[in-house]
S.K.: 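I have a structure here, written as C-alpha cells, and I will follow up with some questions on it.
Protein chains get the first letters and strands the later ones, always in sequence-line order, with residue 1 at the start of each. Keep in mind that the numbers below use all heavy atoms, side chains included, and drop hydrogens, waters and symmetry copies.
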Amino acid sequence: MDSLSSLNPQQRTAAEHVNGPLLILAGAGSGKTRVIVQRIAHLLAEGHARPEELLAVTFTNKAAEEMRSRVQSLVGDDCSALWVSTFHALCARLLRREAPAIGFTRDFVIYDSADQLALMKQVLRELHVDDGLLQPRAALSRISNAKNTMEARSSLAESAAWSLRGEELVKIYDRYTAALREANALDFDDLLLKTVELFDTSDAVRTRYSSRFRFVMVDEYQDTNRPQYLLIQHLTARHRNLCVVGDPDQSIYKWRGADVRNILDFERDYPDAAVVQLEQNYRSTQMILDAATAVIRQNRHRTPKRLWTDRKGGARIVHFRGADELEEAAFITRTTRSVVAEGGDAVAAVLYRTNAQSRVIEDALMREGVPYRIVGGVRFYERKEVRDALAYLKLILNPLDDVSLRRIINVPARGVGKGVMDQLERLPVEHDSHDTPLLADALADEPPATSLWAKVGRAVDGRLLTTRATAALRAFRELIESLGEMAKRESLSVAISRVLDQSGYITDLREERSEEAQGRLDNLMELVSAAREFEMREPEPSLAGFVDRLSLLSDVDEEAGSRDARIWLMTMHAAKGLEFPLVVISGLEEGLFPHSRANGDDAELDEERRLCYVAMTRARSRLVLTGAARRRVFGEYQRTEPSRFLDEVPSELVDRIESPTLSGYQRADSGSGSRKGRYRSEPEHVPFSYEDEDQSVTPVRIGARVRHPTFGVGTVLSVEPLTDDLKLVVRFGVGAKTLRAKYAKLEPA
DNA sequence: GCGTGTCAGCTTTTT
DNA sequence: GCTGACACGC
C-alpha cells in the first residue's frame, strides 16, 4: 500500500534522492517519517547500499524502533544490519569497540543522571563546597551546558551570574571530570564528546566509519547540538551522503544545547545540497492549522512558511477554564472519555508542560474508572530497588565504579556504615598511583589504588580496620568477586536473579512482609522479565549490553498504565513526532505555560511558543485547550492568569467554556477586557463542588462509617491531627488507606 | 550501626 | 504532596 507512487511530488523527490547532501524542511504533519522510510527502502531496493551501510539517527529509542519496523515491513528482508539508533546509543556502540583509542577501557560504565548527581555530591563534599551555596544539580546543569555547547572549560570561570566564584566552578568541573575517569565512567554528555574526540584523534577510526556509512540520515535535525553536529560531520566526511530532516519551528531543546543554526546553516555547510520543502500537512484540519499558524507567527526571527491542508474547515478549537485544577481534570476526563465511547482505535492525548501536572489528571481518570496510559515520567528504572540492582550489575562489570559501590556496599545492611566508609576513604593512596597516567592504570590488571574497590582490598589484606569491619568488607569483596565469576558463566536473566538472591537483597525484602516491600519485589521481578525479553530479542545478549540499554533508555521510552488504553498522558516534549485525533493541551496559564522560567527572556519565550506550536499540531481533528483560575503549587493555592498563547489564537476560531463556579473576578473577560470571544457555560454538566482554602475540616471519630468516591464505604481506624487538617486511616473493602480529611472527599455513610 | 521519624525544599522540558 | 537529608533513640 505504501509505495513511492503514494507520495506527493516533493516527498517523492526527497525519497528518490540518492547522492549528495539533502535537506528536507518538513512542516508539521507533512509526512517526513514516511519519506525517510521510503528513502531507505529505495536505497536498498535499488542496490545503492547494503543495510549495514545505512545509518539513521533519531532522538529516542522508540522513534528508532518504529523506523526500523516500518522499513522492515516495506522491504521485507531482514533489516537487523541497519543501523537505526539514537545518538547516544550510537556513541555507546562505537565507544564499546573503540574506547581504548581515547584512554578508556571497553568496560566503561555509563553514568545516568542519578549517578551523575551522586558523583557530584561526592565531589562537592570532597572540595568542601557547601551545597547550600551551590546545589549539586545546578553545578551539573552548568557543566552539562558547557559540554553540550562545547564552550571552553575556562569559560566557566567567567560565569558572572553564578553564586559561586567562577574559579571554584572550574575546580569542580576538573574534579568531576577526574572522578569520572577514575571510575572508568562516561556521563551522557561524554558519550557524545568522547566519540567526537575519538574521531578527532584517530584517523583509522574516522576512515573506518566514514567509509562504512555510505548514507546517513538524521531526524529532528533542528534539535541537534554541537557535538552531535560534529559527529555527523565526521561520519559523512567520506561519502557526503547526508540527509537531514527537520523544522526550525519545532526546535524545543535549546535548553539541552540544541542549536537551530545547524539546520538553518545547512546550505552554507553544503552549497551543493538539494533542498526539499514539504508543505502539505496531511494531519490537521484547516481550523487547527490556522490556530497553530497564528501562534507561531508571533515569533520573531523566523522564516515564514506556507503550510497547507486540504482538510477544509473542521471543529472549532475549545477553550475551557476551570476554577481550579480539579475542575480542569474533571473536564479533561469528560472530554477524552468521548473518544473512548466512540470505539475504534482512536486515541486522545492529554499534554502538559510539567510532569507534576499529570497527577491530578490521573486521579480524575482513575476515579472515573477510565483506563489511561502515561508516556514518560514513569521512572521505573529510577525506583530505588531497581537502581540498587543496577548498581550491583554495574559494579560487577566495572569495580572502579565508586558511585555504584557506595550505593550498595551496605544494601542490604552488612555492617559497613558511615564510620567504616569514612575510615576507608581516609586510607592513604598508594604511592605509584599518583603519577601513573590513567590509561596504563586502567589497562593494568590491578585497578588504580584510588578506587574504593581497591581500598576495600587493601583494608582487608592489610587488616587495617577493626576485626569486625574487616570481616564485613571481606564478605563484601568475596560476594562481588563470586557474583562476577557467576555472571560470566550464566545467562543474563539468571545472572540478575542470582545477584539479587546472593546479595541478600531478596531475603531482606521478603522478611519485611510489608506491602511496600512486596511492591519492590514485584519491580525486581519485572526487571528480570525485562532481562529475559532482552535475551530473546538481541542476537548477542550480554550483561553489559543490557545495562547500557537501561542507562540509555529515554524517559519517553517508558510507559505505564493499561496497554490498550485510549487516553495517553505525556508532556508536550514527549509528544513531538506523534499525532492524535483529539489533543487536549492543559495548564494554559501564565507561569506554567509559558513557564515562569522563560519570563522576561524573549528567546526562551519563543521556545515556549514553538512548544505550543508542536503541541497544537499534534491534533488531527479536535483541539481542546484547558486551564484553571487557580492551582495548587507545592500544596498552596495560587491564582493564575490565562496564558498569552490563548490570546494569540484568533477568537473566531475558539469556543470558550467557563466553569459556572468561577467567581466574577476570576473570569478572564472581566479584567483587562483584552480577551475577546463569547463565553458560555458548559452544557449538560453538573457544577462541581470543591473545597475552599479556608473550609474547616469536618470532625471525624474513630469507628465512624464514611463513604469515599473511589473506595466506597469504610470504617475510620485512626485520626491524627495535622496543622489545618486530619490524617485518617480508613479500612475499606480494598484494604486500609491513609487519607487527608481535607482532600479525600469523604461523606458520612 | 541501624531504623524510624521529621522537616525542608522542591519542579520545567530529557538523552 | 513527595523525596531526601539529617537527627534521634535503640
S.K.: Using the rule for Phe, Tyr, His and the six-membered ring of Trp, do A/Y253 and B/dT13 stack at under 5.5 Å and under 30°?
M.R.: no
S.K.: I want to verify a distance call: between B/dT11, C/dG1, B/dT14, whose nearest atom is closest to the A/T571 side chain?
M.R.: B/dT14
S.K.: Among the nucleotides B/dT11, B/dG3, B/dT14, which one has an atom lying closest to any side-chain atom of A/A413?
M.R.: B/dG3
S.K.: Of the candidate nucleotides C/dA5, B/dT11, B/dT14, which contains the atom at the shortest distance from the side chain of A/K121?
M.R.: C/dA5
S.K.: Categorize A/R414 for me: base, sugar-phosphate, or nothing, with a 4.0 angstrom heavy-atom threshold over every strand shown.
M.R.: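 Sugar-phosphate contact only - A/R414 comes under 4.0 Å of backbone atoms but never of a base.
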S.K.: State, to 0.1 Å, how close A/I110 and A/K394 come at their nearest heavy-atom pair, and which atoms those are.
M.R.: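 Heavy-atom minimum between the residues: O-NZ, 3.1 Å.
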S.K.: Counting the benzene-type ring for Trp, do A/Y372 and A/W568 have ring centres under 6.0 Å apart?
M.R.: no
S.K.: Once the angle between the rings of A/F188 and A/H88 is folded into 0 to 90°, is it parallel (under 30°), tilted (30 to 60°) or perpendicular (over 60°)?
M.R.: perpendicular
S.K.: Heavy-atom contacts under 4.0 Å between residues 188-197 of chain A and DNA chain B, which residues?
M.R.: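 Residues of residues 188-197 of chain A under 4.0 Å from DNA chain B: A/F188.
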S.K.: Which nucleotide in the set B/dT11, B/dT14, B/dT15 lies at the smallest distance from any side-chain heavy atom of A/A574?
M.R.: B/dT14
S.K.: Does the plane of the ring in A/F199 sit parallel, tilted or perpendicular to the ring in A/H234? Use 30° and 60° as the thresholds.
M.R.: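 Correct class here is parallel.
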S.K.: Look at all strands and tell whether A/G419 reaches a base, only sugar-phosphate, or nothing, counting heavy atoms closer than 4.0 Å.
M.R.: sugar-phosphate
S.K.: Any side-chain N or O of A/R137 less than 4.0 Å from the OP1 or OP2 oxygen of B/dC10?
M.R.: no
S.K.: Between B/dT13 and C/dG4, how far apart are the two P atoms, rounded to whole Å?
M.R.: 16 Å
S.K.: Mark this stacking check for A/F634 against B/dC10 as yes or no, applying ring centres under 5.5 Å and ring planes under 30°.
M.R.: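 Check passed, A/F634 stacks on base of B/dC10.
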S.K.: Have a look at A/V633 and say if it touches a base, only the backbone sugar-phosphate, or nothing, with a 4.0 Å heavy-atom cut-off.
M.R.: nothing
S.K.: Out of C/dG1, B/dT13, B/dC2, which nucleotide sits closest to the side chain of A/N410?
M.R.: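 The listed nucleotide nearest to A/N410's side chain is B/dC2.
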S.K.: Look at A/N355 and B/dT13 and indicate whether a side-chain polar atom (N or O) is within less than 4.0 Å of OP1 or OP2.
M.R.: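 Checking B/dT13 against A/N355, a side-chain N or O does come within under 4.0 Å of OP1 or OP2.
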